[in-house]
Structure formats: structure tokens, C-alpha cells
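Right, one structure below, let's go through it.
If you read the sequence from its start, that first residue is 1, and numbering goes on from there.
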Amino acid sequence: MKKLSSVQRKQQALLFSVADTLEEQGRAELEGMVQCWFDVQYHQFPGSLLLRFQFENEHARCAAEPELKTWQKRLSAALLKKGVVLKDMRRHLVFTLDEPEA
């Protein structure tokens with residue numbers, strides 16, 4: 001894996017901060033949420049960012065689905081506070097059953 005530049009390390013720290021905050025809120029507010037994780041290509045940041053809320057089962061994911069837009073707005077607002085603008089907030093956060101690849 002290629003070493004991150006100083007700018008990319010700052011982006012990574014920003015993303016971990018936002019993801020950790022949202023994960024904590026999500027676990028408190030969304031029944032069955034397991035964890036929050038993300039993928040990003042730093043050379044295409046922020047357009048390549050995809051944050052995922054992982055749920056323990058399909059029932060929990062379906063029950064949370066009506067809240068998806070609210071969480072997409074929360075992600076967008078949290079990043080905006082850090083100076084990062086998402087052009088289309090719907091593309092950057094999804095609810096899933098998938099686990100991060102090891």
C-alpha cells in the first residue's frame with residue numbers, strides 16, 4: 001500500500017473523526033447497527049467517499065431505511081463543518097449488511 005501524503009493523512013484523520021462521531025450516534029439511535037466504515041480514494045476525495053452503516057440483519061437494515069436521508073444529511077453537515085463539500089450527499093452514505101474486507 002502506498003504511503004499517504006501529509007494532505008491525505010489530514011483527510012484520513014478528518015474522515016475517522018466524522019465516521020467515529022456518526023458511528024456513536026448511529027449505534028445509539030439505530031436498532032441493530034453494528035459499525036460504521038468507509039472506503040475512499042484520497043486522490044479523488046471527496047467524490048470517492050462511501051460511508052457504510054453495517055447492520056446485523058436484513059430486518060434491522062430495512063427498519064432503518066426510512067432514516068437514510070437523515071443520516072446522509074448528517075454526514076454532509078459534519079463534513080461541511082470541517083470544510084468539505086459533498087456535491088451529492090446521497091452517493092456517500094449507504095446502509096448495508098456487508099462487512100469491511102480484511
Side-chain angles (χ1 to χ4, degrees):
M1 187 166 137
K2 190 175 134 184
K3 281 184 97 176
L4 298 177
S5 70
S6 62
V7 170
Q8 290 169 332
R9 284 193 302 272
K10 287 178 186 176
Q11 291 170 340
Q12 185 180 51
L14 177 145
L15 288 174
F16 277 120
S17 168
V18 169
D20 288 345
T21 301
L22 289 177
E23 179 178 37
E24 188 178 309
Q25 293 172 354
R27 284 187 179 165
E29 297 177 31
L30 297 170
E31 188 72 32
M33 184 183 153
V34 177
Q35 66 179 339
C36 171
W37 54 283
F38 65 87
D39 286 326
V40 67
Q41 300 296 321
Y42 290 103
H43 63 282
Q44 296 176 336
F45 180 78
S48 65
L49 173 65
L50 180 57
L51 196 78
R52 294 177 176 93
F53 278 20
Q54 179 187 342
F55 287 85
E56 59 190 25
N57 58 45
E58 184 65 23
H59 177 73
R61 190 195 64 76
C62 287
E65 199 68 33
E67 297 294 318
L68 178 58
K69 194 169 191 170
T70 300
W71 287 94
Q72 290 169 334
K73 287 179 183 178
R74 285 187 185 188
L75 171 62
S76 182
L79 288 173
L80 187 59
K81 284 182 183 177
K82 306 270 186 179
V84 177
V85 177
L86 297 178
K87 291 183 181 175
D88 182 5
M89 66 182 174
R90 294 178 310 234
R91 290 185 29 216
H92 300 284
L93 190 145
V94 295
F95 289 171
T96 186
L97 299 176
D98 297 338
E99 297 180 7
E101 294 176 7

(message) What's the separation between atom CZ in R90 and atom OG in S76, rounded to the nearest 0.5 Å?
(response) 11.5 Å
(request) May I ask whether F16 and V34 are part of the same hydrophobic cluster, defined by side-chain heavy atoms of I, L, V, M, F, W, Y residues being less than 4.5 angstrom apart, directly or through others? (result) no
(request) To the nearest 0.5 angstrom, please state how far the NZ atom of K73 sits from the OG1 atom of T70. (result) 6.5 Å
(message) Just so I know, are the side chains of W37 and L51 near enough to count as touching, which here means a heavy-atom distance under 4.5 Å?
(response) no
(request) Determine, using the 4.5 Å side-chain heavy-atom cutoff (strictly less than), whether M89 and W71 are members of one ILVMFWY cluster. (result) no
(request) Determine whether V84 and F45 make a side-chain contact, defined as any pair of heavy atoms from C-beta on separated by less than 4.5 Å. (result) yes
(request) Inspect the surroundings of CD in E65 and state if more than 12 heavy atoms from other residues, nucleotides or ligands are less than 6.0 Å away. (result) yes
(request) Any chance you could measure F95, atom CZ, to R52, atom CZ, to the nearest 0.5 Å? (result) 13.5 Å
(request) Could you pull out the closest heavy-atom pair between S17 and K82, with the gap in Å? (result) OG-NZ, 3.5 Å
(request) Using the rule that two of Ile, Leu, Val, Met, Phe, Trp, Tyr join whenever any of their side-chain heavy atoms come within less than 4.5 Å, decide whether L15 and V94 are in one cluster. (result) no
(message) Let me confirm one number: the CD-CZ distance from E56 to R61, rounded to the nearest 0.5 Å.
(response) 13.5 Å
(request) Evaluate the side-chain proximity of R9 to S6: yes if any heavy-atom separation is below 4.5 Å, no if none is. (result) yes
(message) A side-chain contact here means heavy atoms from C-beta on lying under 4.5 Å apart; do V40 and L50 qualify?
(response) no
(request) Return the minimal non-hydrogen interatomic distance between C36 and F53, and the atom names on each side. (result) SG-CE1, 3.7 Å
(request) Would you indicate whether the side-chain heavy atoms of H92 and Q72 approach each other to under 4.5 Å? (result) no
(request) Spell out, yes or no, whether L75 and L14 are grouped together once hydrophobic residues are joined by side-chain heavy atoms under 4.5 Å, including indirect joins. (result) yes
(message) Using side-chain heavy atoms (C-beta onward) and a distance below 4.5 Å, is L93 in contact with L49?
(response) no
(request) Look up atom OG in S5 and atom CD in Q12, then write down how far apart they are to the nearest 0.5 Å. (result) 10.5 Å
(message) I'd like to know if R74 and E29 make a salt bridge, using a cut-off of under 4.0 Å between side-chain N and carboxylate O.
(response) yes
(message) Do Q54 and M33 have side chains that approach each other closer than 4.5 Å (heavy atoms only, starting at C-beta)?
(response) no
(request) Report the distance from atom CG of L97 to atom CD of E99, rounding to the nearest 0.5 Å. (result) 9.5 Å
(message) What verdict does the side-chain contact (heavy atoms from CB on, under 4.5 Å) test give for L30 and E67, after you've listed the backbone C-alpha separation in whole Å, the side-chain angles of each residue and the deciding distance to 0.1 Å?
(response) CA-CA 9 Å; L30 297 170; E67 297 294 318; 4.2 Å; yes
(message) For Y42 versus Q11, what's the shortest heavy-atom pair and its separation?
(response) CD2-OE1, 3.5 Å
(request) Search all heavy atoms of R91 against all heavy atoms of G47 and return the closest pair with its distance. (result) NH2-O, 3.2 Å
(message) A side-chain contact here means heavy atoms from C-beta on lying under 4.5 Å apart; do F38 and L22 qualify?
(response) no
